[in-house]
*Asks:* 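Sharing a structure here in structure tokens format.
Letters A, B, ... mirror the listed sequences (proteins, then strands); counts begin at 1.
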Amino acid sequence: MELPDSRGHFGNFGGQFVPETLMPALEELTLAYDDAKNETVFQEELQYYLRDYVGRPTPLYFAERLTRHLGGAKVYLKREDLNHTGAHKINNTMGQIILARRMGKKRVVAETGAGQHGVATATAAAMFGLECAVYMGEEDIRRQELNVYRMRLLGATVVPVTSGSKTLKDAMNEAIRDWVTNVKNTYYLLGSVGGPHPYPMMVRDFQAVIGRETREQIFMAEGRLPRCLVACVGGGSNSMGLFYPFLDDAVELLGVEAAGRGLETGEHSATLNAGRAGVLHGALSYLLQDDHGQVLTAHSIAAGLDYPGVGPEHSYLKETGRAQYTTVTDQDALDAFQLLSRLEGIIPALESAHAVAAVLKMAPAMGKEDAIVVNLSGRGDKDVPAVARVLAQENGGVR
Amino acid sequence: MDINRVEARLRKLHENGEKGLFAFITAGDPDLETTFRLVLSMEKAGVDLVELGVPFSDPMADGPVIQRASLRSLAAGINLMRIMDLVRRLRSYTEIPLLLMTYYNPVLQYGLKRFAADAAEVGVDGVIVPDLPLEESASLLQELKEDEQHLIYLVAPTTTPERLEKISRAARGFIYCVSLTGVTGMREGISPDVKEFMQRVRRHCSLPLAVGFGISNPRQAALMAEGADAVIVGSALVSLVEQFQNQPEVIYERVPGLVKELKEAIS
């Protein structure tokens with residue numbers, strides 16, 4: 001059965017839990033997307049920009065030295081870090097910005113955590129000449145100063161968010177408040193597979209280009225399907241994009257959540273591992289919350305994973321057992337960040353380093369004939385200053 | 001039980017040719033005792049219905065004033081269970097219609113069945129859930145005892161005629177008309193489109209209409225009351241609570257004071 005259903009439900013999850021003011025806008029968006037999706041002109045325009053502007057397809061790279069180092073399964077890296085703007089986020093922003101233009105919107109708003117989605121949105125808005133406001137938590141602005149500067153260079157207004165935990169969750173509240181206020185001329189360009197229907201479906205569809213390419217590329221390289229796909233999960237867009245075209249295949253799907261300082265400390269972002277179903281930002285999904293339904297503050301060294309919710313389709317994949325979800329601590333992600341840099345000459349985003357860290361644990365136990373594809377969802381330049389600070393504190397610098 | 005208190009009050013207002021004044025305050029801001037005393041003093045000052053706001057960590061439909069009130073209430077350790085106790089206590093003193101205004105997640109975690117049972121037991125007359133549109137409301141509606149607790153639906157200037165029809169068919173008690181596209185909070189003027197909006201709602205809905213969002217002073221209240229059966233004031237009252245949170249005696253004077261002015265303006 002094709003999911004979600006017409007009201008955006010993936011089993012018990014998903015839906016549209018938003019103020020009435022936004023319901024007509026969501027209906028309009030659902031219709032516009034349904035229309036565009038089946039239209040050759042739209043798809044061709046998107047293909048054109050993905051190829052000539054974003055630089056797709058991205059390579060599927062055999063990480064030979066990492067594979068040898070681990071001594072088990074072959075490790076392939078899906079190089080989303082090589083996209084224009086340095087992460088997978090632009091796959092979605094290109095799709096949505098073309099849609100926004102078709103809908104006649106002159107202004108886009110977005111939320112951002114690590115700043116990758118903000119940069120991707122600012123980039124697409126600059127190219128199409130649309131006004132752009134990006135909401136970003138003050139705490140994230142501090143952690144990701146490079147991306148803040150990039151967004152401003154690209155002509156976007158970066159609005160600091162000082163409410164709540166001053167991270168992605170609060171940036172999303174503010175973006176929604178802006179959208180409620182300016183709904184007539186403003187398009188909300190949501191960056192992950194969360195939020196109200198149709199966003200989880202639409203963002204998944206735009207990100208599914210990752211999985212479709214991977215499928216072709218792994219057949220070329222290995223002549224068969226991989227044993228396992230691995231990707232980090234914050235909101236869950238890069239993982240959903242990789243997993244989706246493989247849902248009906250005999251391929252293991254592993255999502256990697258941020259265990260932060262350790263699940264037992266309560267300072268983590270492991271929504272699917274430690275949360276339970278609840279409603280936040282328009283969807284019913286797993287959620288980090290207290291006994292009274294108040295949303296908890298998440299923590300991760302990776303700003304892009306630092307979110308107490310998760311896309312509803314992931315909740316569905318967990319509940320049905322189709323995908324497994326594991327966790328990786330800040331420390332393990334930092335180690336993977338350095339190891340991949342040393343062994344492969346690739347500095348991964350801290351978010352992606354979580355996926356790499358999971359592979360470091362599982363690959364040695366697997367057979368040499370097995371292949372793992374890990375989504376290298378972004379490059380790590382944005383994280384270098386923060387990592388340098390942490391490593392300087394911990395052990396006097398890079399090991 | 002007799003007819004729902006909300007309906008009884010709206011009927012009486014209608015018979016007397018009066019407009020209603022509905023007041024919103026965040027429960028437990030800055031503590032439950034303040035809320036308890038404010039409900040009773042606002043009733044004395046002429047309020048027809050009180051909406052008690054249930055605090056939530058992520059109030060996406062609210063502006064800064066109610067966001068901050070929500071945080072103060074959470075900091076005081078307030079939750080839905082304690083608000084149910086507050087209503088139970090209030091019911092020994094007053095028969096004023098009481099609604100809970102809450103985001104969906106606190107209700108969902110409380111348990112829909114338990115929420116409906118407790119609301120009925122303590123004397124809550126209905127619930128307003130700003131992030132629960134018609135399409136998602138079936139599960140909660142199923143649990144509420146329809147004649148005793150209403151689920152109050154909101155309509156907005158963006159609501160299409162088709163949606164107005166659907167919402168009107170499902171609604172009970174009254175329709176909450178959101179006067180503007182935006183979050184809660186005080187505004188300078190009033191939206192020029194509000195008259196046309198209220199007329200449009202009236203064409204599709206036979207229930208009484210209460211209008212809210214952005215109404216903070218007597219002049220605005222009087223203008224808004226023209227097209228409505230009741231006006232709802234929230235942030236302006238909450239803002240007084242915030243301003244004088246360390247001087248409770250000022251709160252108990254200023255909040256009922258504003259209520260009185262508002263009620264006079266719409267009479």
Side-chain angles (χ1 to χ4, degrees), chain A residues 6-9 12 14-28 111 161-165 169-186 195-197 276-285 287-297 308-309, chain B residues 54-64 67-68 70-71 73-74 77-83 102-111 129-137 139 153-164 166-167 175-185 213:
Chain A
S6 65
R7 297 238 67 95
H9 296 106
N12 294 324
Q16 296 178 311
F17 296 86
V18 296
E20 171 61 25
T21 308
L22 295 179
M23 287 300 285
L26 290 175
E27 282 177 2
E28 183 196 357
E111 78 294 330
V161 175
T162 56
S163 56
S165 60
K169 154 181 103 80
D170 311 282
M172 201 156 164
N173 288 333
E174 285 304 325
I176 293 172
R177 288 179 188 127
D178 181 315
W179 192 33
V180 169
T181 306
N182 302 298
V183 62
K184 282 169 192 150
N185 71 355
T186 295
H197 179 66
R276 59 178 203 283
V279 169
L280 178 69
H281 295 149
L284 178 64
S285 193
L287 182 63
L288 296 176
Q289 54 183 323
D290 71 11
D291 292 345
H292 304 291
Q294 306 299 338
V295 181
L296 297 172
T297 300
Chain B
V54 176
F56 183 51
S57 53
D58 295 80
M60 67 173 166
D62 285 301
Q67 288 175 39
R68 290 196 299 266
S70 215
L71 288 180
S73 171
L74 287 175
I78 305 307
N79 55 49
L80 202 39
M81 216 182 315
R82 298 187 60 192
I83 294 170
T102 175
Y103 288 86
Y104 192 44
N105 201 47
V107 177
L108 196 61
Q109 303 309 321
Y110 195 88
V129 190
D131 61 345
L132 193 69
L134 180 69
E135 286 78 356
E136 300 288 354
S137 64
S139 320
Y153 290 100
L154 298 97
V155 300
T158 51
T159 306
T160 56
E162 298 74 46
R163 292 188 62 78
L164 279 176
K166 277 196 281 182
I167 292 168
I175 306 260
Y176 191 133
C177 304
V178 177
S179 76
L180 46 81
T181 53
V183 294
T184 60
F213 280 46

*Asks:* Heavy-atom pairs under 4.5 Å with chain A are the metric here; pick the option from B:T159, B:V129, B:V155 that has the most.
*Replies:* B:T159

*Asks:* Roughly how far, to the nearest 0.5 Å, is the CG atom of A:L287 from the CG atom of B:N105?
*Replies:*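 Separation between the atoms: 5.5 Å.
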
*Asks:* Donor-acceptor pair, A:Q294 side chain versus B:P55 backbone, under 3.5 Å?
*Replies:*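 Such a contact is found between A:Q294 side chain and B:P55 backbone.
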
*Asks:* Could you measure the distance from the CD atom of A:E20 to the CD1 atom of B:I167? Nearest 0.5 Å is fine.
*Replies:*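 Atom-to-atom, A:E20:CD and B:I167:CD1 are 4.0 Å apart.
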
*Asks:* Going from NZ on A:K184 to OG1 on B:T158, what distance comes out if it is rounded to the nearest 0.5 angstrom?
*Replies:* 7.5 Å

*Asks:* Picking from B:S137, B:A156, B:A61, which has the most non-hydrogen pairs under 4.5 angstrom with chain A?
*Replies:* B:A156

*Asks:* Does the side chain of B:Q109 come under 3.5 Å of the side chain of A:Q289 through a donor N or O and an acceptor N or O?
*Replies:* yes

*Asks:* Under 4.5 Å heavy-atom distance to chain B, tell me which part of A:V183 shows up: side chain, backbone, both or neither.
*Replies:*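 For A:V183, the contact with chain B is made by the side chain alone.
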
*Asks:* Where on A:A277 is there a heavy atom nearer than 4.5 Å to chain B: the side chain, the backbone, both, or neither?
*Replies:* backbone

*Asks:* Roughly how far, to the nearest 0.5 Å, is the CG atom of A:L284 from the CD atom of B:E136?
*Replies:* 8.5 Å

*Asks:* Which bit of B:P133 is near chain A, if near means a heavy-atom gap under 4.5 Å: side chain, backbone, both or neither?
*Replies:* both

*Asks:* Can you tell which part of B:L108 gets under 4.5 Å to a heavy atom of chain A, answering side chain, backbone, both or neither?
*Replies:*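 Looking at B:L108, just its side chain touches chain A.
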
*Asks:* Can you say whether B:E162 sits under 4.5 Å from chain A via the side chain, the backbone, both, or neither, judging by heavy atoms?
*Replies:*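 The answer is neither part of B:E162.
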
*Asks:* Atom NE2 of A:H281 and atom CG of B:D58: how far apart are they, to the nearest 0.5 Å?
*Replies:* 5.0 Å

*Asks:* Using 0.5 Å steps for rounding, measure from the CG atom of A:L280 to the CZ atom of B:F56.
*Replies:* 6.0 Å

*Asks:* Which atoms of A:D290 are under 4.5 Å from chain B, going by heavy atoms: the side chain, the backbone, both sets, or neither?
*Replies:*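 Nothing of A:D290, per the 4.5 Å heavy-atom cut-off to chain B.
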
*Asks:* Indicate the atoms forming the closest heavy-atom contact of B:D62 with A:R177, along with that distance.
*Replies:*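 Shortest heavy-atom separation between B:D62 and A:R177 comes out as O-NE, 3.0 Å.
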
*Asks:* With a 4.5 angstrom heavy-atom cut-off, is it the side chain or the backbone of B:P59 that approaches chain A, or both, or neither?
*Replies:* both

